[in-house]
Structure formats: C-alpha cells, structure tokens
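Structure record follows, encoded as structure tokens.
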Amino acid sequence: MTRLAVPNIRGNLFDVTGKVVAITGAAQGIGYTLSEGFAAAGAKVVMVDLDADKLETARKVIAEINADVGAVATDVSVPDAAGKIVDACKALGGRVDCLINNAGIMSYTDPRTITDEEFDRMIKINLKAPVQLMRAVLPEMEKQGAGSVINIGSSWSSRASVFNQSGGGVDYCAAKAALQSYTRGAAQNMAETHVRLNAIAPGGVDTPMHAHHRDFLMEYEKYIPLGRMTVAEDLVGTAIYLASEASAYITGQTIHVNGGMIMVD
Ligand SMILES: NC(=O)c1ccc[n+]([C@@H]2O[C@H](COP(=O)([O-])OP(=O)(O)OC[C@H]3O[C@@H](n4cnc5c(N)ncnc54)[C@H](O)[C@@H]3O)[C@@H](O)[C@H]2O)c1
C-alpha cells in the first residue's frame, strides 16, 4: 500500500481542471447545476439522463461554458448503463476521476399501502443503480490510483421527510439511508486504494422535483436557520471540494448541506 500523499497547500487545493466527472440525472435540477459548476471550474463533464431531448438541450448550454462535455442518454437502472458511462468518460478524457450518483426519484408512498412494485422501483433507481455504477467505476479508479465517488443522499435519510406528515416517502427515506450506509462501507473497502467515496445529503432543494408541491416546500423555508430555501447552487462547492485534492483525507462521510436545518431538530 502506497502512503497517502500530503496535500500541496501552496497549490490550488480545489482545482478540478481536466478531471473527468460523470454526473447522472444531469438534464435538470441538481445534476444540471452540478454540471454547470464543474464545467465552469474546468472539469470535463459527462452528463447522463434518461430524458434524451432535455439532456441534449442541457448539454448544449454546458458546452458553451466548456466544450469538453459528453452526454449519455440512458436510464441509469438498465444493465448496460454503467458500461456506457465509463466508455463516455474514457472517450472524453481517458479516465474516470469522479462519479456523481445524482439521478433519483421521489415518492409519496404510505407504509400501509405501498406496493411491491413501488418499493422495487424506488430501490432499483435510487439504490441499485448507484451500486451498479460504483461497481463499474471503482476498478477503473483503483487502476488510476485515485478517484472520488459522490452519492447524493438526503437529509431525509436520518429523519422522516416533511412530506411524511401524510405517510409519504418512506421508501425514499429508506433508500437514501441505505445509499449513505453503502457509501460508508464501500469507502472502507476502497480506502487502501486511495479511492474515496462520500455522500452529500441536501435538505429540501427548490428543483423541478418539487414542482407540483412547491408551495408546501417553500413553507418549510422559515425553519431553515440560514434563512433561505436550498437551491442547487448551494451544493456545487461541496461537490467540488469532494472531487478535489482539498478533501484527500475525507472518505466515508455524509456532508449535510441544508442551511443548518438539522441543527434545529
Ligand atoms: N430536490 C430535493 O429536495 C432533494 C433533496 C435531497 C436529495 N435530492 C436528491 O438529489 C437528486 C436530484 O434531485 P433533483 O431535485 O435535481 O431532481 P429532479 O427531479 O429535478 O431531476 C432529476 C433528474 O434525474 C433524471 N432521472 C430520474 N430517474 C432517472 C433514471 N432512472 N436514469 C437516468 N436519469 C434519471 C430525471 O430525468 C431528471 O433530469 C435525487 O437523487 C434526489 O433524490 C433532492
């Protein structure tokens, strides 16, 4: 096992220039904004989404910031998605420096009536697909001797969701908790390779995911200590930090980005 290098604090610790970063769920919301942030920071971004038209529109906007951008139109939960994403990263920059498992779905399920189909779909997209993508990129990162996986969890992994007031989202909360737990375990497995895995747990973020109950989401704003609803831009700095040398000694962690919301629980 090689000894972990000490960060060069006289360089730009947060530099992600030229890093190849795959971001799932990149056609809108958090994934799109992360793509924008990484492209602006000089990274080569592979945008992944199942909505091919919206993805292409988004890719064109990102390409105006940084021409080194690729796109993979796929459902992340189908068996060949992982291979396509790795291939696209290699085509763009010859390696995979960072995978951001962001694609996900929300639910409004009730524990008394949730169907097997609803539960299976949630697990398939929000947990199994990230696991499959990690399985594909981790050996590549191990060969490179470096890499960073960032899994997008949720504050609702450690608490009931605000929508749970009516019994909703139980499978969502459970899948996000499992993803954060998997991140911790995999980080331990991979530590000797210096490949790192961490999670970001956002609070409620004002994205299209909440379009049909936005008023309810915004009601929640008054409980956020920093005084504003989370927007996708609030997550970019943490993601760049976790992808960069600045976080070289950080693995297996979940960083909560929620304006201090959990403090008041
Ligand atoms: N918005 C929030 O309040 C919030 C809070 C915590 C965590 N998150 C998590 O952040 C992630 C992004 O959320 P968002 O608010 O940007 O959502 P969003 O619904 O606005 O965007 C999600 C994107 O993922 C894509 N997608 C969904 N399923 C996919 C699949 N199977 N394969 C490929 N692409 C798929 C969609 O087409 C869409 O472009 C999700 O994992 C979500 O659970 C969101």
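Just so you know, ligand 1 is whichever comes first in the structure, and atom 1 is the first atom listed for that ligand. These figures come from a predicted structure and were not determined experimentally.
Protein residues with a heavy atom closer than 4.0 Å to ligand 1 are G25, A27, Q28, G29, I30, D49, L50, T74, D75, V76, N102, A103, G104, I125, I152, G153, S154, Y172, K176, P202, G203, G204, V205, T207, P208, M209, H210, listed by chain and number.
Within 6.0 Å of atom CG in N8, more than 12 heavy atoms from other residues, nucleotides or ligands are found, so the atom counts as buried in its surroundings. By the neighbour-count criterion of 12 heavy atoms within 6.0 Å, atom CZ of R121 is sparsely surrounded, having that number or fewer from other residues, nucleotides or ligands.
Aromatic pair F216/H210: centroids not less than 6.0 angstrom apart.
Under the side chain to side chain contact (heavy atoms under 4.5 Å, CB included) criterion, T254 pairs with Q180, A199, A201, H256, sequence neighbours left out. Listed by chain and residue number, E140 satisfy the salt bridge (charged side-chain N to carboxylate O under 4.0 Å, His left out) test with K90 (two or more places apart in sequence, or in another chain). Under the rule for a side chain to side chain donor-acceptor pair (under 3.5 Å), E221 has no partner lying at least two apart in sequence or in another chain.
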